[in-house]
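Quantities reported herein were computed from a predicted structural model and do not represent experimental measurements.
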Amino acid sequence: MSHAMLQPVMALVLWSMVMWAWLYATRLPAMIRARTPLDPTQPRDVMLGGLPPRVRWKADNYNHLMEQPTLFYATALTLALLGQGDGLNLALAWAYVALRVVHSLIQALVNVIVLRFAVFMTASVVLIVLALRAALALT
């Protein structure tokens, strides 16, 4: 098994935890300032909809890190288990992680959607290539 491939996996897990901490570090003070009522009968979007967009962006990004990156984790772990987690595969994994960090920073700080989308699509292409390489390694 290639342990090097586990490094980008853990890097993205830890980055997700950074975004989790950042979302609560901004959301809780904003909720206190806005005196947001905690009403379990209200949908989350209604209850938190009054928070400033710059606060909501962090939570949106954290949610995004729980979506497509799950495919990255499965792909990277497959490559690691097959002993294919080095060379180009490792470089692609690190590129994916770097692009997801850049995506997070764009969304959390400025949320320029066209730029964010371009980074997301680039990361998606990297992930597709990585997944295809993992599929080929299984044959």
Please examine the side chains of [Y] and [X], heavy atoms only from C-beta on, and report whether any two atoms are closer than 4.5 Å.
{"X": "Met5", "Y": "Gln84", "answer": "no"}
{"X": "Met17", "Y": "Tyr62", "answer": "yes"}
{"X": "Tyr96", "Y": "Gln68", "answer": "yes"}
{"X": "Leu79", "Y": "Leu130", "answer": "yes"}
{"X": "Phe72", "Y": "Val9", "answer": "yes"}
{"X": "Leu12", "Y": "Leu65", "answer": "yes"}
{"X": "Met10", "Y": "Val13", "answer": "yes"}

Item to check | Heavy atoms of other groups near Trp15 CH2, more than 12 under 6.0 Å | outcome: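 Yes, enclosed.
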Checklist entry - Is the CZ atom of Phe117 crowded by more than 12 outside heavy atoms at less than 6.0 Å? => result no
Return the minimal non-hydrogen interatomic distance between [X] and [Y], and the atom names on each side.
{"X": "Leu51", "Y": "Val55", "answer": "CD1-CG1, 4.2 Å"}
{"X": "Leu6", "Y": "Ala80", "answer": "CD2-CB, 4.1 Å"}
{"X": "Ala4", "Y": "Gly85", "answer": "CB-O, 4.1 Å"}

Are [Y] and [X] connected into the same hydrophobic cluster when the rule is that any two of I, L, V, M, F, W, Y join if their side-chain heavy atoms are below 4.5 Å apart?
{"X": "Ile128", "Y": "Tyr73", "answer": "no"}
{"X": "Trp22", "Y": "Val97", "answer": "yes"}
{"X": "Leu71", "Y": "Phe120", "answer": "no"}
{"X": "Trp57", "Y": "Met19", "answer": "no"}
{"X": "Leu23", "Y": "Leu28", "answer": "yes"}

Next on the checklist: Using the rule side chain to side chain contact (heavy atoms under 4.5 Å, CB included), only one of Arg33, Arg27, Arg35 pairs with Met31; which is it?
Outcome noted: Arg27
Checklist entry - Would you say the side-chain atoms of Arg54 pair up with the backbone N or O of Ala108, donor to acceptor, closer than 3.5 Å? => result no
Distance, nearest 0.5 Å, that separates [atom1] of [X] from [atom2] of [Y]:
{"X": "Asn89", "Y": "Thr78", "atom1": "CG", "atom2": "OG1", "answer": "11.0 Å"}
{"X": "Arg116", "Y": "Leu105", "atom1": "CZ", "atom2": "CG", "answer": "13.0 Å"}
{"X": "Arg56", "Y": "Leu48", "atom1": "CZ", "atom2": "CG", "answer": "9.0 Å"}
{"X": "Lys58", "Y": "Thr26", "atom1": "NZ", "atom2": "OG1", "answer": "5.5 Å"}
{"X": "Leu138", "Y": "Leu82", "atom1": "CG", "atom2": "CG", "answer": "5.0 Å"}
{"X": "Asp60", "Y": "Ser104", "atom1": "CG", "atom2": "OG", "answer": "11.5 Å"}

